[in-house]
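What you see below is based on every heavy atom in this structure, not just the backbone, and it leaves out hydrogens, waters and symmetry mates. Order of appearance sets the numbers: ligands from 1, and atoms from 1 within every ligand.
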Amino acid sequence: MNDLEALRRETRDALAAASDSRAWDGVRVAVLGKNGKLTALLKELGKVSPEERRARGAALNQLKDELAAAIEARRAALEAAELDARLARERIDVTLPPRPAPAGLIHPISRTMEEIAAIFGAMGFAIGEGFDIETDWNNFGALNIPWHHPARADHDTFYLTAESGRNAPPLLLRTHTSDVQILSMLSREPPFRVLAPGRVYRSDHDATHSPMFHQLEGIVIDRDITLGHLKGCLIDFLRAFFGIAELPVRFRSSYFPFTEPSMEVDIGWDRRSGELGKGSDWLEILGSGMVHPRVLANSGIDPREWQGFAFGMGVERITMLKHGVPDLRPFYESDIRWLRHYGFNPLAPTMLHEGV
Ligand code: PHE
């Protein structure tokens, strides 16, 4: 009966050493399997003399029950340990704050256009849209700039091939947003106030010029509009946009073919330090004027009944001034470091009541 005792000890040791279900199964098969050690002993029972068979048979059956129970207990223990390990591994700590999701930033150009739309929106302006590809008429002709006009030379225009035949005037990439003056007058019944941000194109490229840039055009048409309205409107806008209540604003007579009289608008700054609203220097910021009677007539509006004013400004320029951006080129380079530095939080929208 010593062999039974040896098998008992061996099996118990092997079970204790089995640390996963594979090893455990190896022990089970080696003992209770078809060719297992205990199975072999049971088979040999027939060869034993009848006197010994009774006692040995009882001992073998007892050992078999005992080892089967031990094997089963080990299986349960291994399973429980595996579950514990999985629970520990897969635990979710619900008290951890979420990782910040990467969010994009608002490009300074978009931000400026939003701010300006908010300021003029509060003054009753609607947003108008034009087309990047324009007719020669809307970009120049209707704005009182005929073929021979010297103002054409100031616009380094990208001309496109005429679609409708060789003799038709060519299409072009609009050189300013002033085409929206024409489009607004053609599509709206006066009185109206329209603000139109958009892309414009000129064949020009250096540190302060880009072949594509952005402008904002404004036009107001009503019955009794005067230079006083123009000045009040632009002074209010400039002070709100730059956030300087007493920002000095100067109107300087100038010339544009589509406005009469025309005025360039300057703001006070200190040339040395670059500070706005300080010092005694002037910085040109936008063009404006009373819409020329011929431009009204070109767009089907009777200049004896209606009049108004228009203005246009460069979005990049006023953005650079407001935020101290020294170079124009990075605006279009999509350099993520520049965007992170100059971009705006999209979850902090432009709110007029907070100042912009
Ligand atoms: N279109 C002019 C420019 O590009 C600006 C302007 C607009 C001037 C409206 C007067 C009135 O410089």
Side-chain angles (χ1 to χ4, degrees), residues 113 116 120 125 127-132 134-146 149-158 172-185 192-204 208-222 225-227 229-235 237-238 249-267 283-296 298-299 301 303 306-319 321 328:
M113 297 207 287
I116 291 176
F120 281 105
F125 281 69
I127 298 293
E129 277 184 85
F131 307 97
D132 289 18
E134 257 302 1
T135 59
D136 189 273
W137 174 251
N138 285 347
N139 192 84
F140 290 125
L143 288 162
N144 209 19
I145 317 174
H149 199 285
R152 289 235 181 188
D154 300 339
H155 296 223
D156 303 290
T157 310
F158 289 110
L172 46 79
L173 296 180
R174 67 172 173 180
T175 59
H176 52 181
T177 44
S178 295
D179 64 320
V180 182
Q181 292 184 34
I182 307 304
L183 297 172
S184 303
M185 289 189 274
F192 62 79
R193 303 168 193 187
V194 169
L195 183 85
R199 280 187 290 267
V200 300
Y201 303 83
R202 293 183 195 180
S203 177
D204 206 353
T208 50
H209 296 90
S210 153
M212 184 282 302
F213 59 104
H214 298 78
Q215 282 191 342
L216 281 147
E217 191 83 10
I219 178 166
V220 171
I221 300 291
D222 209 330
I225 293 293
T226 70
L227 265 185
H229 295 109
L230 182 163
K231 292 174 78 173
C233 173
L234 291 178
I235 291 171
F237 158 69
L238 290 168
V249 179
R250 178 174 79 171
F251 292 82
R252 184 165 39 81
S253 81
S254 181
Y255 171 78
F256 297 103
F258 36 91
T259 48
E260 183 58 36
S262 302
M263 293 186 298
E264 246 145 340
V265 185
D266 305 333
I267 56 173
L283 186 64
E284 182 194 318
I285 206 103
L286 60 92
S288 68
M290 302 303 290
V291 179
H292 196 295
R294 201 177 296 155
V295 173
L296 293 170
N298 281 341
S299 311
I301 291 185
W306 302 100
Q307 55 190 333
F309 64 85
F311 52 89
M313 70 192 97
V315 179
E316 283 80 352
R317 182 168 163 74
I318 57 175
T319 305
L321 284 171
L328 174 69

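Between H176 and the options F258, F256, F213, a ring-ring contact (aromatic ring centres under 6.0 Å, His included) holds for only F258.
Atom OG of residue S299 and atom CZ of residue R294 lie 13.0 Å apart, to the nearest 0.5 angstrom. A distance of 11.0 Å separates CD in E134 from OG in S178, rounded to the nearest 0.5 Å. Taken to the nearest 0.5 Å, the CD1 atom of I235 stands 12.5 Å off from the CD1 atom of I267.
Within a 6.0 Å sphere centred on CZ of F158, heavy atoms belonging to other residues, nucleotides or ligands number more than 12. More than 12 heavy atoms of other residues, nucleotides or ligands sit less than 6.0 Å from atom CZ of R152.
Among all non-hydrogen protein atoms, the one lying nearest atom 3 (C) of ligand 1 is Q215 NE2, 4.0 Å. Looking only at protein heavy atoms, the nearest one to atom 12 (O) of ligand 1 is F256 CE2, 4.2 Å.
Judged by distance alone, with hydrogens and angles left aside, the side-chain atoms of R317 form a donor-acceptor pair with the main-chain N or O of E284 at under 3.5 Å.
Every atom of ligand 1 is numbered from 1 in the order shown, and the set under 4.0 Å from a heavy atom of S288 is 8 (C), 10 (C), 11 (C). Atoms of ligand 1 lying under 4.0 Å from at least one heavy atom of A310, given by number and element, are 9 (C), 11 (C). The contact set between ligand 1 and Q181, taken as ligand atoms under 4.0 Å from a residue heavy atom, comprises 9 (C).
Annotation: S178 places an N or O atom under 3.5 Å from an N or O atom of ligand 1; distance criterion only. The shortest N or O to N or O distance between R202 and ligand 1 is below 3.5 Å. In terms of polar-atom proximity, H176 is counted as a contact of ligand 1, with an N or O under 3.5 Å from an N or O of the ligand.
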Exercise. Stepwise, does the ring pair (Phe, Tyr, Trp, His ring centres under 6.0 Å) test hold for F120 with F311?
Worked result: CA-CA 12 Å; F120 281 105; F311 52 89; 5.2 Å; yes

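Within the 4.0 Å heavy-atom shell around ligand 1 one finds F258. Judged by the shortest distance from any of its heavy atoms, E217 lies inside the 4.0 Å radius around the atoms of ligand 1.
Here atom 5 (C) of ligand 1 lies nearest to G312 when heavy atoms of G289, S254, G312, G314 are compared.
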